[in-house]
Amino acid sequence: MRYSKSLSLAAVASTLLLIGLAAVQVNAATACDPATCIHPACVCPSLTPPKGLNAQEVPQFITITFDDAIQEQTVPMAAKIMAANPDQPLVPRRNPNGCPIKATWFAQTLYSDYALIQQWYAAGNEVADHTMNHIGAPPIEEIAGNRKAINAFAGIPFSKLNGFRAPFLNYSEETFANLGQEKFLYDSSAGALIEDAYWPYTLDHGVHNDCWNTICDKPISVPGMWEIPMHAIIDDVGSAHSMDVHLESSAEQVTLWLQNNFNRHYTGNRSPFGIYLHPVHAASAIELYHNFFESVSKQPDVWFVTNHQLLEWMKNPVPASQMADQPYMKCAMPAVGKEICNGIDDTKSGTIDQGTLEVMPSVNNPVPERVVPAGTIGGRTPVPETCAMEWWDPVGAQCLCANSTCTFTDVSHFPSENAGTNAGTNAGTNAGAGVGPPGYININEGTSSFQGVWCNLALAITVAATAAQLL
Ligand SMILES: *[C@@H]1O[C@H](CO)[C@@H](O)[C@H](O)[C@H]1NC(C)=O
Ligand SMILES: *[C@@H]1O[C@H](CO)[C@@H](O)[C@H](O)[C@H]1NC(C)=O
Ligand SMILES: [Zn+2]
């Protein structure tokens, strides 16, 4: 098999990792000894499912991931891709247990709308870290500051916000050191071809994917932190494609590639199958992905999961027949009882609270002081460590969880104090002030985002409400 690099300007991220693929080292994984690397604390890179499970019994996971800003223009794209019918985005595609499918968004601060980040998460999806300003090989302040800002302004607990993808998929040895220091749960930046199509593994014994870029030779060890390899789509001449594969050829061709690659996973070792998208580039491909998902959903053992759900399964792998009963696959929504600013349409009125930001976070100051103080109208009190976001009324500063069914404590390692407070000149730009990569829409410029109040319940964005119903 020959791997070559196919270049598309719009898909720089997807091609970065495809340079020099001929040098894949299949023997790298021997450095991890299953006799001393004991599941689930330590998991060696493996082509076959964990704990010796038979491939034909395990679920075929599909992970849909979205990258970059969560904003008014990108959320509806994600919603349509996840819908059972893109023309009726309110009707979600469902997993075999009847729950709406979920996806992971690697979100940045730059150009994002925190109210929409909150809604995406409140609907059961995952938010992960993609740096504040979309910086490749980012300094730790970019990584930690993004978590701090999303926690403060979208209410997402740190323990649910602990995955990472490097912007431009451009990581280095130092990136893993930074993630280790900040106690991340996983990274998902390294690419996998066929020979190294590993199930997720822990980084106790280093990185075993993308060996062409010498990362496998580096003395990396982050015990317990996972790598979720990004599985490439191999086309009919053997070239590998990562993100936004729909930009690489005609819809007919890409549809065939998707089907062939899915079949290789499904009839083979069933390592997770990923669809990695930038929603800003996805408008033309909604039908393509819809048809593909429609086709693979006919298999009773296909499950669409977030990266967090995938890792829950990795820690305690069960046959597909038991998936429906796993707690992390359930989809009960909290019944808070009144409309609060939690990203959910609590009273089923058809509208969702939205908030706007008073002062933009920056690398120097990821959690700026509020203009409207807590306890006054429009003021918002950050979620405390002892309340789940869904149950937190940030305006009333009250946790509405009244019994043990909804208690929650954020036990995560919190971002380092000094990461994100004294970053100095690292990024050079404040979020909202720079010029983004092509295709980005800067909705935080101008007047709207700076003059509003947090979670003014009288305001409702139709598009946000529409998307969040379904998500
Ligand atoms: C990628 O990372 C290297 C350092 O490892 C850095 O020199 C380079 O500027 C980065 N490229 C991008 C596009 O971020
Ligand atoms: C627990 O509290 C929630 C919210 O107050 C309520 O909806 C639910 O019925 C309660 N459950 C029990 C078992 O009391
Ligand atoms: Zn990105």
Side-chain angles (χ1 to χ4, degrees), residues 5 7-20 63-71 73-75 77-78 103-113 116-117 120 126-143 145-147 149-150 161 163-180 186-191 207 209-220 228 230 241-247 274-282 307 363 423 425-429 431 434-442:
K5 179 189 165 215
L7 196 59
S8 149
L9 270 184
V12 179
S14 65
T15 52
L16 250 173
L17 83 168
L18 302 176
I19 303 164
T63 55
I64 305 175
T65 71
F66 300 110
D67 281 19
D68 303 348
I70 298 188
Q71 56 176 209
Q73 291 81 359
T74 53
V75 169
M77 290 302 145
T104 304
W105 202 312
F106 292 92
Q108 61 190 47
T109 290
L110 185 64
Y111 309 136
S112 278
D113 176 332
L116 293 178
I117 297 181
W120 168 261
E126 181 180 343
V127 177
D129 191 343
H130 200 47
T131 75
M132 292 193 85
N133 292 295
H134 206 269
I135 304 293
I140 196 165
E141 295 81 4
E142 277 283 342
I143 299 171
N146 198 44
R147 275 180 95 214
I150 292 176
L161 177 59
F164 181 78
R165 175 168 293 159
F168 312 106
L169 308 181
N170 189 35
Y171 56 81
S172 68
E173 186 179 358
E174 191 194 353
T175 310
F176 289 97
N178 287 339
L179 298 178
Y186 73 89
D187 170 74
S188 184
S189 308
V207 179
N209 290 93
D210 275 354
C211 294
W212 58 269
N213 74 13
T214 71
I215 194 75
C216 303
D217 307 330
K218 303 281 198 264
I220 293 169
I228 304 180
M230 300 175 71
H241 307 267
S242 177
M243 303 193 70
D244 305 313
V245 62
H246 58 272
L247 299 176
I275 296 289
Y276 316 117
L277 300 172
H278 291 95
V280 287
H281 297 150
N307 284 339
V363 170
T425 55
N426 274 318
T429 53
V435 177
Y440 285 68
I441 303 145
N442 185 352

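The structure presented is a predicted model; accordingly, all values stated were derived computationally and were not measured. We count ligands from 1, going down the list as the structure has it; atoms in each ligand are counted the same way.
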Q. Got an N, O or S from His130 under 2.8 Å of the Zn ion (ligand 3)?
A. yes
Q: Ignoring hydrogens and angles, state whether a donor on the side chain of Asn178 or Tyr171 is under 3.5 Å from an acceptor on the partner side chain.
A: no
Q: Could you check whether the rings of Phe66 and Trp105 sit parallel, tilted or perpendicular, using 30° and 60° as the cut-offs?
A: tilted
Q) Strictly by modelled atom types, are Asn146 and Gln108 linked by a side-chain donor-acceptor pair under 3.5 Å? A) no
(Q) At less than 4.0 angstrom from any non-hydrogen atom of Gly136, what atoms of ligand 1 do you find? (A) 14 (O)
Q: Could you pull out, from Asn170, Ile135, Leu169, the option with a heavy atom nearest to atom 1 (C) of ligand 1?
A: Asn170
**Q.** Non-neighbouring partners of Ala128 that pass side chain to side chain contact (heavy atoms under 4.5 Å, CB included), sequence neighbours left out
**A.** Thr104, Phe106, Glu126, Tyr186
Q | Set of side-chain hydrogen bond (donor to acceptor under 3.5 Å, both in side chains) partners for Thr63, sequence neighbours left out | A | none
Q: Measure from the Zn ion (ligand 3) to every N/O/S atom of His134 and report the name of the nearest one.
A: NE2
Q. If you check every N/O/S atom of Asp68, which is the one nearest the Zn ion (ligand 3)?
A. OD1
Q: Would you check if the Zn ion (ligand 3) lies under 2.8 Å from any N, O or S atom of Asp67?
A: no
